[in-house]
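Worth knowing before you read on, the calculation uses all heavy atoms, side chains too, and leaves out hydrogens, waters and symmetry mates. Remember, it's 1-based here, ligands and their atoms both numbered in the order they're listed.
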Amino acid sequence: MQLRVALRTGLKSLLEHQVPSADLAAELLLMHLLRQERAFLYTHPDLDLSDQQVDSYFRLISERSSGRPTQYITGHQEFWGLDFEVNPAVLIPRPETEHVVEAVLDLISQQKLSGGACCRIVDVGTGSGCIAVALASELPLASVFATDISPAALEVAARNAARLGMEKRVEFIEGDLLAPFLESESPRAFDFVVSNPPYVARAERESVQREVRDFEPRLAWGDLAQGEEIYGRLFPQALRALKPGGHVAVEIGYKMKDAVLGLLKTGWVETKVIPDLAGIPRVITARKSG
Ligand code: GLN
């Protein structure tokens, strides 16, 4: 079968199964199978695929049609221009989450701290490690720590740090939120606490895509009694773990702005809400007073 026919047939099957971004998925799966870049697909439309390649391609197409995210099939997702390994133990990094990285870099440049001189950062619930590794790659002298309650996620995160040459830059620690840092009497040590925590409420479960609901780890996306409950636990811990003047930067869910701002009334100043490219409030930052 010619490459272009395989691609067209694969796309048709994905569309029949209402797969979102079906044309992108059809291409990515074929690129993955052939170990080629996208340009190859369009410069070799007449290439004859072997029967085995065709069989494998349609197997991948049928996996995707059953709802499994493309990234769990290919094992990769790009974030901040870096290639991250992903598997079902971790949330697939989202482009919106890059705003968390941007927010931290902006705060550092506003404080006129040179990126090189800055600083102690902890990424809470690091999952694939995307935020921690992206920040480490931007801030060559920063000490970056990352926690997760899931040992399986931490294994993926550590592999990502190693693949991207950041294994000496990020220290991964198993634990719930900031608990591993709160054992000492005066743990105030961080300049930044950053997080994209689980924030989907149980009541919103049905509005979440089946790709998330059925395939991504529930521990990572939520299924919580209240979407904002995790911030209610994180912020008091962050107040203890931050230096005076240190910042939190968190991703928030759709329509959660007011509830999360309500949790930053005491102990925090200079609260800021940053929208994503669709104009949805997506990141909140605040400075610990003092
Ligand atoms: N920090 C990771 C990300 O942003 C994982 C987040 C999570 O599992 N909630 O993708």
- Item | P93-ligand 1 polar pair, N/O distance under 3.5 Å | no

- Message: To check your reading of the model: name the closest protein heavy atom to atom 4 (O) of ligand 1, its residue, and the distance in Å.
- Response: N196 ND2, 2.9 Å

- Query: Among protein heavy atoms, which sits nearest to atom 8 (O) of ligand 1, and what does the distance come to when rounded to 0.1 Å?
  - Reply: A220 CB, 3.2 Å

- Task: Any chance you could lay out the side chain to side chain contact (heavy atoms under 4.5 Å, CB included) test for L49 and L47, step after step, and finish with the verdict?
- Result: CA-CA 6 Å; L49 302 182; L47 183 76; 4.1 Å; yes

- Just go through C130, A153, G127, G125 and tell me whose heavy atom is the nearest to atom 10 (O) of ligand 1. C130

- Task: Pick one of side chain, backbone, both or neither for how T126 approaches ligand 1, counting any non-hydrogen atom pair under 4.0 Å.
- Result: backbone

- For S128, which of V133, D148, V90 qualifies under side-chain contact (heavy atoms from CB on, under 4.5 Å)? V90

- Query: With a distance cut-off below 6.0 Å to the six-membered ring centre and an angular limit of 45° from the axis, does R120 pair with F190 as a cation-pi contact?
  - Reply: yes

Classify the angle between the aromatic ring planes of [X] and [Y] as parallel (below 30°), tilted (30 to 60°) or perpendicular (above 60°).
{"X": "Y199", "Y": "Y231", "result": "parallel"}
{"X": "H44", "Y": "F40", "result": "parallel"}
{"X": "F145", "Y": "F181", "result": "perpendicular"}

- Output the list of atoms in ligand 1 that are nearer than 4.0 Å to some heavy atom of L91, sorted by atom number. 6 (C), 7 (C), 8 (O)

- A student checking ligand 1 against T97 at a 4.0 Å heavy-atom cut-off should list atoms 4 (O)

